[in-house]
There are 4 protein chains.
Amino acid sequence: MTSTNGFSDSQESDLLGEEEYKTLVKDIGFVPTPWIQKLDPAIPIKEEFPGRYNFQVSLGNLDSSKNWVYSQVLKKVFINMEETLPLRFKWEPPEDGLLLRTAMVFSLDQYASDPVRRCHNHMAPNIPSNRDVLPRVIKHVVRCTHHLTLYEERNEHLSIVTPLNRPQPGSQYVPVCFKFLCKNSCPSGMNRRPTELIFTLEDSNRRILGRQRLPVRICSCPKRDKKKEEAEVSQPDVKKRKVCIPAGKKMMPSCDTHIYNAQLNIVGKENYLAVLKYAYDIMAGQAIRTGQLDFFKPYLDNILRKTP
Amino acid sequence: MTSTNGFSDSQESDLLGEEEYKTLVKDIGFVPTPWIQKLDPAIPIKEEFPGRYNFQVSLGNLDSSKNWVYSQVLKKVFINMEETLPLRFKWEPPEDGLLLRTAMVFSLDQYASDPVRRCHNHMAPNIPSNRDVLPRVIKHVVRCTHHLTLYEERNEHLSIVTPLNRPQPGSQYVPVCFKFLCKNSCPSGMNRRPTELIFTLEDSNRRILGRQRLPVRICSCPKRDKKKEEAEVSQPDVKKRKVCIPAGKKMMPSCDTHIYNAQLNIVGKENYLAVLKYAYDIMAGQAIRTGQLDFFKPYLDNILRKTP
Amino acid sequence: MTSTNGFSDSQESDLLGEEEYKTLVKDIGFVPTPWIQKLDPAIPIKEEFPGRYNFQVSLGNLDSSKNWVYSQVLKKVFINMEETLPLRFKWEPPEDGLLLRTAMVFSLDQYASDPVRRCHNHMAPNIPSNRDVLPRVIKHVVRCTHHLTLYEERNEHLSIVTPLNRPQPGSQYVPVCFKFLCKNSCPSGMNRRPTELIFTLEDSNRRILGRQRLPVRICSCPKRDKKKEEAEVSQPDVKKRKVCIPAGKKMMPSCDTHIYNAQLNIVGKENYLAVLKYAYDIMAGQAIRTGQLDFFKPYLDNILRKTP
Amino acid sequence: MTSTNGFSDSQESDLLGEEEYKTLVKDIGFVPTPWIQKLDPAIPIKEEFPGRYNFQVSLGNLDSSKNWVYSQVLKKVFINMEETLPLRFKWEPPEDGLLLRTAMVFSLDQYASDPVRRCHNHMAPNIPSNRDVLPRVIKHVVRCTHHLTLYEERNEHLSIVTPLNRPQPGSQYVPVCFKFLCKNSCPSGMNRRPTELIFTLEDSNRRILGRQRLPVRICSCPKRDKKKEEAEVSQPDVKKRKVCIPAGKKMMPSCDTHIYNAQLNIVGKENYLAVLKYAYDIMAGQAIRTGQLDFFKPYLDNILRKTP
DNA sequence: GCACATGTTCAAGTACATGTCG
DNA sequence: CGACATGTACTTGAACATGTGC
Ligand SMILES: [Zn+2]
Ligand SMILES: [Zn+2]
Ligand SMILES: [Zn+2]
Ligand SMILES: [Zn+2]
């Protein structure tokens, strides 16, 4: 699985230690049977299930700084590297002593078994942001701002465990913040492969009580990339490589092609003609802006015909 | 003449040396009589006159970088500090051996006798842009990129003299570029007082052959400040008193009160609503212009009712 | 460390002279061990400690002129330039022969090693307030009205030393008054960086016996700025820079009364006049809809005036 | 010296060891006086001089694979990473026992003292191409295929030394091949900074006998990038970043094509934008009606650009 | 070799900081 | 003290640089 940039897309290097394997099997052993899909310990399970605690994750407040955005259509977060993503976790009843495990995995099945780790560039110990970071933490792409978070490694795969205390009185959820220390594009790291966060609610014995997922893209231009990905799903059949793209620019939504029938009583012929002309002009403007002159032409001509 | 920031608006410190005074009088002595206005050597003469050489100044090409803008209404340049202003000078016949003297002066008469010099901050020898600048040059706000330019000081007043050679073959003018090394807002310097450049065409004996002026504002946001100054002159006293407009000035015939029924197919809701709004607005405009609001009101309300 | 205004935030220029360095080491040698934090002579120590004399500083009476205010929440003084700040110093037992050293330093760690000195503008020898001021005094931002105050310079860093005599009979403290000869905003000087005063109680051998600090902001509007800074700390998480949200998209924006200056190049006189008319009409429409005809009238008339 | 991608542009970490410094001074000591420019050992000397051996470098045959190209105008090689660049060296008389030192340096003076080293990604020991590479070799961007090449490090700066034997009988030159193990764009490495190779002819005592330089860009698309760089030098004054759409060439429109400049004060952003849109639309309408879209397009685009 | 993916740079715009004026 | 004047800093969108996939 080596792509053309020469960096292996697979990052694993070691086999799972026996001890860890036992631990893992033990953990999974407690998962209710229907949720056990694959026993290959190298492939993380991504199936969502709220479980008996009705485990849920939602987004925290979007501060106006907008270092991240959320796409409602894609159910996906787009965020800058090293910025904070505020999330909220909920479980019922809100008892104490539970744990939140957070792991980042590759979204595409073909890479599912690859561990997600930081790239060599960003792990280099001499860069300033790695100053004073523990070696066991430095290789994690995902960090949690909660200071009791544990950074774990099982079989090259990394995850972090944050202790959960019941929500503050009057609150329904617990806020937890995350940061991401590499970009999805990092060569020798995630290498342009999409990822998602897998959250599991666990008890103190690491039994899995619920699981949720949240696709995340860490990039330099979250807004731009969100727009592009949304455009892709909205026009799925357009061939990937188009020969030419007619640029649609703003000033007005370009997609609304519903036809409305306006019936108006206008005072004065001058005004009447002005309305006709205006209707013509705004549609002409949109036609040019969106490059859809062909579509608009008959409606324009129709107005012209009413003009004395 | 001390403003509240404690910096004297006047910068002169010395009297005119006798020698320089003689020189100055001699120069002015050659000015044709009608142009001698004031004999006070401290007050620069700003009167424009093309003279027998039909001396003219115009703007060079505005490169897209837009570190400067020119206001057509104000006949004024707005430019960033340390940026280049390309000008063009023309005289007829285009003979060689003439000189261009450029001086910056305060536009307001009350400061006309103050010399324009750099502020203490920007003259400080330890700032990088003053590295390798000659002491006699360092105090000038205006510099010319022409390397033969002389930097002169007469009685605290500064000016620069650039030799002019006839235009390149095929060209009508000679390009000369200037830079400005302080802002108009500089405390302890120009101190927020407006300025202008005075260009004089001189012969080799410093006889003045023509004069032109060009208001210049050196600031951090040329575009913004241009807009503001233009708005000021276009609406000189918006809150003070409103000028009465004789009712019924046209723009449209006011008498046609026939009712027309417009039926249109409009593409897109946005466009549909825009047509409704436009119909409303043009009738509202006419209603106000003709003072027949009462007549138009029901038709206006009718449109409002169609609006979601 | 150069900010965008082109002035270096760092003001130091020379290395510490050997003589001064010895002096400094000697001085620091007497500081009780726990208080020695850093031996870098360029970074002033700011730790407060009353010491065995229980050294304390407090504010003098706020005279009615109100050229300064004190923020209880911020523990910070806001004061006009060149105004007097009355302070009171106390030590126990109140013996004679001690010294008060006062130094102004930058509050932010990133600038801690920069010396605080007057800006070029305010140091200029020709401004009136510098008349008859000794050269060694002229560069100090902080002055003490006590006429025996010494003005010292160690390694570019400035401080002043005031002899302390025991309080007057019946008094618990000694009053000392200070003045500030630059503003925190001074370009080429403090350059908008926050500062604080560091007071050290010293014996006649310059041994440090106690230290106190007092944040000070020298500005033109102490009251306004105090209010703003207090508001900031009370709402720490509110976004610094709010992003403008587009006004409601109804047909009638009723509240936006900001004035925009539109400058357009229009092809054809017909179109040009149509744009004028349209601008008139939409404002007329809004004026009627919102009932604010009076407010809109001058702008409408202004457009009429442009109409041929 | 940190660029926005967070990687320091400077890679050096240590001071020059004493031993190395001595070595260096010794080396330089033998350089003929006129070539000693700067004694700062961190700044490599780039001056070309053939020296008494008339040391020359030229390109080998361009094999058909075309993994590299040479720009005659730029005197610069563009090459893919890990591909072989065949060069030819010549010296007269062609005696044996000389050495060729090859060092890669940054072309821009501001980075001249930074050592050129491989990026973290490409130095990672687990990538296949680093299998079986000696640690002292692994950090070099430049490798020589000659198996006797020595890989040296002086003060963080890297260079390689290849023994030169006189040309084969009948040949005028000696062929030497190089490979490059990072791209100029490598983040955390060369980080998009241009580079060049410095070749020095040395005798067995490391005395410098001649020097030549060859700009090299290692990239993924040598041909494309060559074309672009050549275009840049051929049009040096063209604005770097165009803010505007190139104005469509005119064809005489049949109707009123005079350009009017409308300046209006509009109340409210909504209204302001409406006027912009209206201006756009009426011109768009006319453009379609008259079939002169090309003529109108620049004016339309100009309005679009004012739209937020 | 081209279209695209994606980081970086640049510049316009705008909110804010802070002095000055009336 | 409020309204402005004006520099500075942040935000954003667009243009560019440059690698990758087809
Ligand atoms: Zn990375
Ligand atoms: Zn200045
Ligand atoms: Zn100052
Ligand atoms: Zn590399």
Side-chain angles (χ1 to χ4, degrees), chain A residues 3-7 64-67 80-81 183-187 191-192 217-225 227-229 232 239-245 249-250, chain B residues 3-7 64-67 80-81 183-187 191-192 217 219-225 227-229 232 239, chain C residues 3-7 80-81 183-187 191-192 217-225 227-229 232 239-244, chain D residues 3-7 80-81 183-187 191-192 217-225 227-229 232 239-244 305-306 308:
Chain A
S3 56
T4 51
N5 66 1
F7 293 115
S64 65
S65 63
K66 306 245 274 300
N67 292 314
N80 280 134
M81 183 176 154
K183 298 173 194 163
N184 276 83
S185 64
C186 277
N191 207 14
R192 300 186 322 284
R217 175 186 166 90
I218 311 139
C219 56
S220 295
C221 307
K223 213 138 118 193
R224 175 185 67 179
D225 296 353
K227 191 156 83 176
K228 174 158 19 178
E229 288 196 17
E232 272 165 14
K239 69 204 84 168
K240 267 302 154 58
R241 304 254 144 178
K242 7 184 182 170
V243 184
C244 178
I245 20 160
K249 176 130 184 182
K250 66 255 176 129
Chain B
S3 57
T4 51
N5 66 1
F7 293 115
S64 64
S65 63
K66 301 237 286 282
N67 293 312
N80 280 134
M81 184 176 153
K183 298 172 195 164
N184 276 82
S185 63
C186 277
N191 207 14
R192 301 187 319 285
R217 175 185 167 91
C219 56
S220 296
C221 307
K223 212 140 122 196
R224 173 186 69 180
D225 297 353
K227 190 156 87 174
K228 175 158 20 179
E229 288 195 18
E232 271 164 15
K239 54 197 63 171
Chain C
S3 55
T4 50
N5 65 1
F7 292 115
N80 281 133
M81 182 176 155
K183 299 173 196 163
N184 276 83
S185 64
C186 278
N191 208 14
R192 300 184 323 282
R217 174 186 166 92
I218 311 139
C219 56
S220 296
C221 308
K223 213 147 143 192
R224 174 185 68 179
D225 297 352
K227 190 156 81 175
K228 175 158 18 180
E229 287 196 19
E232 270 165 17
K239 213 58 245 159
K240 270 287 147 57
R241 209 154 265 263
K242 26 185 178 236
V243 131
C244 215
Chain D
S3 56
T4 50
N5 65 3
F7 294 115
N80 280 135
M81 182 176 154
K183 299 172 194 162
N184 276 82
S185 63
C186 277
N191 208 13
R192 301 186 319 284
R217 174 185 166 94
I218 312 139
C219 56
S220 297
C221 307
K223 212 145 143 195
R224 173 186 69 178
D225 297 352
K227 189 157 80 175
K228 175 159 19 181
E229 286 195 21
E232 270 166 17
K239 214 60 242 159
K240 270 288 146 51
R241 210 157 265 261
K242 41 190 167 218
V243 73
C244 48
R305 248 174 274 121
K306 294 180 203 284

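Chain letters run A, B, ... following the sequence lines, proteins first, then strands; residues in each count from 1. This one's a predicted model, so the numbers in the text were calculated from it and none came from an experiment.
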> What nucleotide among F:dT18, E:dA5, E:dT18 has an atom nearest to a side-chain atom of A:K228?
E:dA5
> Nearest heavy atom decides the nucleotide; on that basis, is A:C186 or C:I218 closer to the 5' end of DNA chain E?
A:C186
> Among the nucleotides E:dA12, E:dG7, E:dT18, which one has an atom lying closest to any side-chain atom of C:R192?
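Looking only at side-chain atoms, C:R192 lies closest to E:dT18.
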> Which nucleotide sits closest to the side chain of D:E232: F:dA17, F:dT8, F:dT6?
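For the D:E232 side chain, the nearest candidate turns out to be F:dA17.
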> Mind calculating the distance between CD (B:E229) and P (F:dT6) to the nearest angstrom?
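In whole Å, F:dT6 P and B:E229 CD are 8 Å from each other.
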> Any N or O donor-acceptor pair linking the side chain of C:R224 to the base of E:dG19 at under 3.5 Å?
yes
> Is there a side-chain contact between D:S220 and the phosphate of F:dT20, meaning an N or O under 4.0 Å from OP1 or OP2?
yes
> For C:R217 and E:dA17, what is the distance between atoms CZ and C1' respectively, to the nearest whole Å?
8 Å
> What pairs with C:N80 under side-chain hydrogen bond (donor to acceptor under 3.5 Å, both in side chains), at least two apart in sequence or on another chain?
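C:N80 satisfies side-chain hydrogen bond (donor to acceptor under 3.5 Å, both in side chains) with no residue once adjacent residues are dropped.
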> Any chance you could measure A:C221, atom SG, to A:K227, atom NZ, to the nearest 0.5 Å?
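It comes to 11.5 Å.
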> OP1, OP2 of E:dG7 versus side-chain N and O of A:K183: anything below 4.0 Å?
no
> Whole Å only: how far is the CG atom of C:N184 from the C1' atom of E:dG19?
13 Å
> Whole angstroms only, please: what is the NZ-P distance between D:K227 and F:dC16?
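After rounding, the gap between these two atoms is 16 Å.
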> Nearest nucleotide by nearest heavy atom, which residue falls closer to the 5' end of DNA chain F, D:C219 or B:C219?
B:C219
> Name the closest nucleotide to the D:S185 side chain, picking from E:dT9, F:dG19, F:dA5.
F:dG19
> Starting at atom CG of A:D225, determine the distance to atom C1' of E:dC4, rounded to an integer number of angstrom.
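In whole Å, E:dC4 C1' lies 12 Å from A:D225 CG.
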> Taking CG from C:N191 and P from F:dG7, how many angstroms apart are they, rounded to a whole number?
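So the two atoms are 14 Å apart, to the nearest Å.
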> For C:D225 and C:R217, work out which heavy atoms get closest and say how close.
OD2-NH2, 3.0 Å
> By nearest nucleotide on DNA chain F, pick out whichever of C:P187 and C:K223 is the more 5' one.
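Nearest-nucleotide comparison on DNA chain F picks C:K223.
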> Rounded to the nearest angstrom, tell me the gap between atom CG in B:N67 and atom P in E:dC10.
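One finds 13 Å between P of E:dC10 and CG of B:N67, rounded.
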